[in-house]
Amino acid sequence: MKITKDEVAHVAHLARLEFDVEETEKFTSQLNDILLYMEKLNEADTTGMEPMTHAIAQKNAFREDAVLPSLPIREALSNAPDPKGEFFRVPKVIE
Amino acid sequence: MELCERTIHELQQIIRDGGASSTDIVASVFRRIDAVEKNVHAYIMLLREEAFREASKADEEIRKGNIRSLTGIPIALKDIYCTQGIPTTCGSRILQNFVAPYDATIVRKLREAGAVFTGKTNMDEFAMGSSTETSWFGVTKNPWDLDRIPGGSSGGSAAAVAADMCIASLGSDTGGSIRQPAALCGVVGLKPTYGRVSRFGLVAFASSLDQIGPFTKDVEDCAIMLNAIAGYDPRESTSVPVDVPDYRQFLGRDIRGWKVGIPKEYFIEGIDPEVETLVRQAAKVAEGLGAEIVPVSLPHTQYCVAVYYIIAPAEASSNLARYDGVKYGYRSTEGRDLLEMYKKSRSEGFGAEVKRRIMIGTYVLSAGYYDAYYKKASQVRALIRRDFDEAFQTCDVILTPTTPTPAFRIGEKTGDPLQMYLSDVFTISTNLAGIPGIAVPCGYTAAGLPVGVQFLAGHFQEGKLLQFASAYEAGADFQKRRPNF
Amino acid sequence: MEYEPVIGLEVHAQMLTYSKIFCGCSTTFGEGPNSQTCPVCQGMPGVLPVLNKKVVEFAMKMSLATSCRINPECVFARKNYFYPDLPKGYQISQYALPLAEFGYVDIELNGGNKRIGITRIHMEEDAGKLVHDEHNPSSYVDLNRTGVPLIEIVSEPDIRSAEEAAAYLRRIHEILVYLEVCDGNMEQGSFRCDANVSLRPRGAEAFGIRAELKNMNSFRNVQRALEYEIKRQQYVLEGGGEVVQETRLWDDTQGVTHSMRGKEEAHDYRYFPDPDLVPIQVSDAWIDEIRRTLPELPLEKRERFLREYGIPAYDAGVLTASRALADYYEAVVKLSGKPKAASNWVMGDILRFLNEDRRDIRDCPISAESLAEMIVLIEDGTISGKIAKEVSEEMYRSGKPPRVVIEEKGLVQITDEGALEKTIETVMAANPAQLEQFRSGKDKVFGFFVGQVMKATQGKANPQLVNDLLKKMLPGT
């Protein structure tokens, strides 16, 4: 087993997802298959290889410090599921 | 021949000759849509009224003699580019009501080139899939066989071109999402070099792999589309300031003396014999055109799927964190506190495949696993890129199959994610290395399903790729067909 | 057992750019909620960040000013966590490869100087603001601050007391403001500080378990919070307990720290390099270019003031507290040629006036030219020091130059011996009793006569001259 049901539950929490018992079972088994397949990578000799995080070798992409117009407030909130006045409203954080 | 069955370059000639107006072309396209869309379901949303409005504007421009590169040409957009004032869903419930307040750079460029948008095409949810079966808006069917998948994730865009429901379309390719559906639908699909076409406004799946490209009916149209969308964009940090040549200049030239690399790692067990035969036949065609076939090796090919299914989900898990029900998109009404709201909105808003990838990505980045998975995969990625750099020292282009099999049946692989992932085996390496690749039709199976050959070239060698593809297309020895409805 | 505190500080300083770090929205403070957002800083689907070059240059300035080594290449990373003020679900920050490392600042303590190491300086974006509803179970999100550029300055755990922590913070603050890369405003949150505190038995090598303190929005609160937390941990340890590794919030009104327990889970930020941003390469040429723009830093300036102007260390400290004040002082010195007098006037009347009105030196109605002119007028005897007090007040009130004030008020010093002799005669005649006392040897009465003469001349008499004449004219003893 690469990953247990408890770990799946923990990862789900980190990702802010929730699964019922059946889904958790299914995901655990599928993730195990996938992670087992990933084991393959251990065969590759990566000694001295720098991790490649970009497909191209660009450096130093900048913009000048110039102010551009912001969205009008109405547009800024136009997609909000629960706007309130000039704010996005969210349920309270439970402490 | 109906106008909708024509290519861009044919229609441009017809328009210039006064043989048809943009409105005629758009009308023809929508007649076809009305006839076949109910069977194919290539679109999430049609922009019928807008298209006719834009077409009459285009006709006005044409009358004034102001004809730009795509004036009046009906183009379909994958529903993954932000379009100002028009919903952008990315095939997901979580974005079903999202209307961006801005246009993606390529949308702006296409507008500026005079294109008329027919609608936004169906896709795997957040481009995560190889079959267009994971869309919240239903499955797209392969026009060649409605029981089969069109490929994915840009299945709607590929099917729309194949079924003449637009003249050309745009897709995005993170691990093969243009080339694989192009091959399975019998059209041309190009994934340009990473950094060649702006990603600004492309809803991100995996930022270091995503690239936008066209679906067209032939190679010449592909060059025309690339001309319209390529170029540096200061709004994208990974955009590369390399000059954009007129890609049409590469068409119709010969490929005599070119070295065509055939990597042995791409002709493996599990590849459909008919596919292998047709792809090897394509190599013979190139040879007949004066090219030399040389064996090359891409020794780390066997790791591509594993590397990809670590890096892409890792980036995706972070890219998709913004869908939290706060600023836009779906919010569950059930969450009583913030944590519940997050979890319910995301769990109800995302489909199973997206959740599976978020889970994989979150896991491989989490404390204790980063080095073993994400870092290791990034190192192997560097090896994969090096393989290509070395191969291109000895050849001009590489020729491979695009997919191991022709289009599979709907539902055939949905139960086994790993089998689905393995269907990307020949297209993934291109994205990992950042190089361009093109899928071009190379014949049909006995059952009448199209097969595509894939050509690859070095970074920013799209010209070379198009030159080779156009020569191959002209010299190919099979009769082009149309899907039958 | 005797315990020793081990403290490390994390300072977040807002960079004084016009636009945000990754988009063109304005950074102006105090605008209407969500009025300074765009698709990029709202984290809408499809958007991409492009780095504001000014942020890198400002961060480089601070790195050089704190003797950090700037890495030849640095990268941005994503710090992943969910919170409504974080629209993308991750903060763009730097992790494995920060902009600069291995720096230090020297702080002054009663017992001498101490060097505090700086672990790293990195760039990142700020989060938005959450306003909590007091009556409903809701919070409101304002994204104006989202994407405002910050640098984080992380100290080594070299700090051993609350007092040292405050001295370190003042030094960092002073340098940032001197460099004009941060406005240093703590109330508006442009300069924020978190602290990591642990205790260990004195002489021990290993660090104890630390608590992280947040929510201290002034130098004084940082010091108070640390003092409290050190005592609290000492109490826990002495009682045989264990300090819990946790985040604690400083409560200003109650003067205590509270655990944030429950609110915060075990974090797993899943940092990884941001694929949307490319690495930043900093060449030696770029570093040199930035180094050339560095102003004289407070400590260097202080030493130069001591050396060049011969003023006391305390004065040099006050006068270099801000770059504008030091510039003002130096302008006065240059124009008057009197460093000590200039110091006395700036530190005395000028700062008093400004403090009373809570005004900045840059808004001082008395220009450096005017103050220098007044100092010259005192030196050449045109006005007395006493009259000068009156003149300066009027200059501050009206903004008029000293000559105009003196003329309008008729405050020119009386140096005419004949006129003064007459006044002295009148005073002597009017005060026969005191004159008799003086004659009988009461020297103290001399002062009385000086006072009377000054009073009769409304203070305009040259005091030295009055003294000389009185000595001559009063009956010999």
Do [X] and [Y] touch side chain to side chain, with heavy atoms closer than 4.5 Å?
{"X": "C:Val141", "Y": "A:Val90", "result": "yes"}
{"X": "A:Asn60", "Y": "C:Trp286", "result": "yes"}
{"X": "C:Leu143", "Y": "A:Phe88", "result": "yes"}

Could you pull out the closest heavy-atom pair between [X] and [Y], with the gap in Å?
{"X": "C:Ser35", "Y": "A:Ser70", "answer": "O-CB, 3.5 Å"}
{"X": "A:Ala76", "Y": "C:Thr37", "answer": "CB-OG1, 3.6 Å"}
{"X": "A:Arg63", "Y": "C:Val50", "answer": "CD-O, 3.2 Å"}

### Query
By number, which residues in residues 77-87 of chain A have some heavy atom less than 4.5 Å away from chain C?
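Contacts with chain C: A:Leu77, A:Lys84, A:Glu86, A:Phe87.
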
### Check: A:His54 side chain, C:Leu277 main-chain N or O, donor-acceptor pair, under 3.5 Å
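Confirmed, A:His54 side chain pairs with C:Leu277 backbone.
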
### Query
Would a distance-only check, ignoring hydrogens and angles, find a side-chain to backbone donor-acceptor pair under 3.5 Å from A:Glu64 to C:Asn52?
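Checking the backbone N and O of C:Asn52 against the side chain of A:Glu64, no donor-acceptor pair under 3.5 Å is found.
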
### Short N-O contact, A:Lys59 and C:Glu73, less than 4.0 angstrom
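Result for this pair is yes, salt bridge flagged.
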
### Query
What part of C:Pro273 lies closer than 4.5 angstrom to a heavy atom of chain A: side chain, backbone, both or neither?
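C:Pro273 touches chain A through side-chain heavy atoms alone.
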
### Query
Any idea which of A:Asp65, A:Leu71, A:Leu68 has the most non-hydrogen atom pairs under 4.5 angstrom with chain C?
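Highest number of heavy-atom pairs under 4.5 Å: A:Asp65.
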
